[in-house]
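In what follows, a single structure is set out as structure tokens and then discussed.
For ligands, and for the atoms within them, numbers begin at 1 and follow the listed sequence.
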Amino acid sequence: MNALDGDTRVNLRTDQPHAARMYDYLLGGRDHYAADGAAVERALAAFPMLRTAAQENRAFLGRAVRYLVREAGIRQFIDLGSGMPTSQNVHQIAQGIEARARVVYVDNDPIVLAFGGAMLAQDERTAVVRCDIREPGRLLGDPTLRACLDLTQPIGVLAVGVLHFVEDRDDPAGIVRTFAEAAAPGSHVVLSHATADLAHDPALGVQAAYREQGVPLTLRDSERFGALFGGLDLVEPGVETVSEWRPTVPRNERPDPAHVSWYGGVGRVP
Ligand SMILES: C[S@@+](CC[C@H](N)C(=O)[O-])C[C@H]1O[C@@H](n2cnc3c(N)ncnc32)[C@H](O)[C@@H]1O
């Protein structure tokens, strides 16, 4: 059952832009409304390569999940701030390598559940939980998550393109730490995050466009991004622009890092 079938009282506030639907618009999806498109167009005016950034972030997510399944032996994932279903969701990537892989998708936007329930929660190996990642303790105790995942075994925690929506006062490093402390040794944490380090003014323009629309976007520099991993062991090559993290295409086919302006990295729970 998805949220629209089960609870017609869910208010999707289609008159206001939402991060999940704006990202869907950026990636060329179909699950967004006029307000989302208008908000993204403002951001694109400031940073015309924003679509490249979103696509490169999504490609990073795919490479990181493949790395976790193939090289780190991870068989279960929590995808925090999973967003709208897209062409290659985490379970499709992971199960394409290891059919028994399990994935719990988490987002606080009711529309993700409404649109994604059927597509993301297809069988007992996948589930969707509506929760705010700023309440990591509540999420870790969620019965749907507990029924799908075995937290005594290593997990992959993905917080890809979501911690820049968590303001400093909500302690993003503390959120990561809570998951890392609950995870078995050998678990991995995958993070990506927008930055103004590489294209200062355009990135600040995007931040202003998002904030004007009521979507709080916090840009962090490489040091503050790296600090989100806390005491985890960073997997090679460490913190990089997402397009430069274990790339699979030659340098001349990769975008200028300034056009990407998102950092990515993977940490291992010792
Ligand atoms: C830019 S999308 C990223 C989607 C996907 N992780 C990716 O990188 O392709 C960010 C998602 O995070 C969700 N989000 C933002 N703040 C959140 C929070 N506090 N708790 C849960 N989800 C959140 C938004 O609803 C949106 O779906």
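Here the side chain of R246 pairs no donor or acceptor atom with the backbone of P237 at under 3.5 angstrom.
Around ligand 1, the residues contributing at least one heavy atom under 4.0 Å from the ligand are A20, Y23, N57, R58, G81, S82, G83, D107, N108, D109, C131, D132, I133, R134, V160, G161, V162, F165.
A search for ring-ring contact (aromatic ring centres under 6.0 Å, His included) contacts involving H91 returns Y105, not counting sequence neighbours. Checked against side-chain contact (heavy atoms from CB on, under 4.5 Å), P255 has the following partners two or more places apart in sequence or in another chain: T52, E56, S243, V260.
Grouping Ile, Leu, Val, Met, Phe, Trp and Tyr by side-chain contacts under 4.5 Å, direct or through others, puts F165 with M22, Y25, L26, V40, L44, F47, M49, L50, L204, V206, Y210, V215, L217, L219.
Of the charged side-chain nitrogens involved, at least one lies within less than 4.0 Å of a carboxylate oxygen, so that R251 and E244 count as a salt-bridged pair.
Between the side chains of T218 and R211, a donor-acceptor pair is found at a separation under 3.5 Å.
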